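Remember, predicted model here, so these are calculated numbers, not experimental data. We name chains A, B, ... by the order of the sequence lines, and we start the count at 1 in each one.
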There are 2 protein chains.
Amino acid sequence: MKQLDLRIIKTKESLKEALMLLLKEKALNSISVTEICRLAKVNRGTFYTHYGQVENLFEEYFKEIMQNLKDSYLEPYKYAWTIHTQELNPATIRIFHHIEKYEEFYRIVFSKTAPLNYYYLLFDHLQQLLDEDMRLHGNDKIDTGMLSAYQANAILGLVIEWHRQDFKQTAEEMNKLLVELLKYITRP
Amino acid sequence: MKQLDLRIIKTKESLKEALMLLLKEKALNSISVTEICRLAKVNRGTFYTHYGQVENLFEEYFKEIMQNLKDSYLEPYKYAWTIHTQELNPATIRIFHHIEKYEEFYRIVFSKTAPLNYYYLLFDHLQQLLDEDMRLHGNDKIDTGMLSAYQANAILGLVIEWHRQDFKQTAEEMNKLLVELLKYITRP
DNA sequence: TTTTTTAATGAACAACTGTATGATAAAATT
DNA sequence: AATTTTATCATACAGTTGTTCATTAAAAAA
């Protein structure tokens, strides 16, 4: 009967809370283990029994956001899109709104110093969503795996451009832009 | 009359050489400043007067490869492609061969721990090449900036997938794959 | 060649890293 | 409630980091 030790839960919560506080002040790559432990009032050795480095702690936060991405996809629609229903599938439509909602988080994930791993993880989640959606509603004669990979790339490319332009567009505008681009590409 | 001090050149060369040696043994993110300086027989303080961190030293190597990417684009064709001349522009055709040539380098650049910054730098170079090519040979009624950004994303997405599959395809196969994908996308 | 400039050096510094220890106390098990 | 398990703790260690400073020596300028 393996029960989760309450001490572990408390320690992890303290560490996460400390990291969240620090992230509002400084960049992820400039936050030290010592700093987190001081703020969390947790022994430094204890940090190392759970996480090897600050990034591993951040990844727990990452997983939460990814779960939310998936959840928001399963939720009934509630955004202000209208025209794109036929042109974009639900997973695509929602990704921009999701990112808009967690802008602070994605500023970290797409910052210059962030490890490429976050990009890969995000890619995997997005591809999976697109792939599931295609198999449910799409043409089943095509290789959904390859196509979802290509589409995930296209969308993430657009998201990166969005980030580089400091998220100045709204999520709705990004959806429109994607539709325009697809129109241009598919009708040369 | 600002002349480049010979001592600086020698120091930088030693440091670079040491980094290159270490990169053959271990990952970039596990190489310490101390280690490089020990091997290069350069004082650690001297390292810090030129570079703030190991990544900055690596970026000099990065610039070299980017220069080569540009050079190889200006060179006359010498690869074994035939069919794609009408379907892909020269910059696109060459990128896969270039990456194949410097596979070792790109394994580092696309590794999970590599900072996203390398991706951004590579993107910028690629986009510039595509944009130049479009303005020379392409339709000048369209927004080449936006289009080159989209194309650079599509190609880099494919390259990332290539890396994740351990570069098992040849550069020529990657060109063919891109042509196939574009065909599929533009003829739905 | 001599003088001037300045890059490289060695040494020292506080702070952080990653790891290991036995002691303590909180939780789970009986 | 008593016992067992184990997470956390304080402490210590050698090694790395990033910085500073006076000294040395190599290069550039005169």
D:dA27 phosphate, OP1 or OP2, under 4.0 Å from B:Lys10 side-chain N/O: yes
Expressed in angstrom and rounded to an integer, what is the separation of A:Leu4 atom CG from D:dT6 atom P? 14 Å
Whole angstroms only, please: what is the CZ-P distance between B:Arg44 and C:dA12? 14 Å
Would you say A:Thr46 reaches D:dA7's phosphate, i.e. side-chain N/O to OP1/OP2 under 4.0 Å? no
Using a distance-only test with no angle check, is there a side-chain donor-acceptor pair under 3.5 angstrom linking B:Glu64 and B:Asn68? no
Relative to the ring of A:Tyr120, is the ring of B:His163 parallel (under 30°), tilted (30 to 60°) or perpendicular (over 60°)? parallel
A:His98 side chain to A:Tyr106 side chain, donor-acceptor N/O pair below 3.5 angstrom: yes
I need the CG-C1' distance between A:Asn56 and C:dG18, as an integer number of Å. 14 Å
From the candidates D:dT17, C:dA7, C:dT17, the one with an atom nearest any side-chain atom of B:Ser32 is D:dT17
What is the separation between atom CZ on A:Phe47 and atom C1' on C:dG18, rounded to the nearest whole Å? 11 Å
Quick one: sort the B:Tyr61 and B:Phe105 rings into parallel, tilted or perpendicular, breaks at 30° and 60°. perpendicular
For the side chain of B:Val42, counting heavy atoms from C-beta on, which of D:dT16, C:dC16, C:dT9 is nearest? C:dT9
Atom CD of B:Glu35 and atom P of D:dA14 are separated, to the nearest Å, by 20 Å
In whole Å, I'd like the distance from the NE2 atom of A:His50 to the C1' atom of D:dT6. 11 Å
Look at the side chain of A:Arg7 and the base of C:dA27, then say whether one donor and one acceptor between them are separated by less than 3.5 Å. no
Please determine, for the side chain of A:Arg38, which listed nucleotide (C:dA12, C:dC16, D:dT8) has the closest atom? C:dC16
Could you go step by step and tell me if B:Phe110 and B:Trp162 meet the ring pair (Phe, Tyr, Trp, His ring centres under 6.0 Å) rule? CA-CA 10 Å; B:Phe110 290 120; B:Trp162 193 19; 9.5 Å; no
Whole-Å gap separating P (D:dG15) and CD1 (B:Ile36): 19 Å
Residue A:Leu6, side-chain heavy atoms: nucleotide from C:dT17, C:dA27, C:dT9 that is nearest: C:dA27
D:dT19 phosphate, OP1 or OP2, under 4.0 Å from B:Tyr48 side-chain N/O: no
Quickly work out the B:Asp5 CG to C:dT4 P distance and round it to whole Å. 18 Å
Short side-chain N/O contact from B:Thr34 to OP1 or OP2 of D:dT17, under 4.0 Å: yes
Assess whether one donor atom and one acceptor atom, taken from the side chain of A:Asn43 and the base of D:dA10, lie less than 3.5 Å apart. yes
B:Ile8 side chain: which of C:dA7, D:dA12, D:dT8 is closest? C:dA7
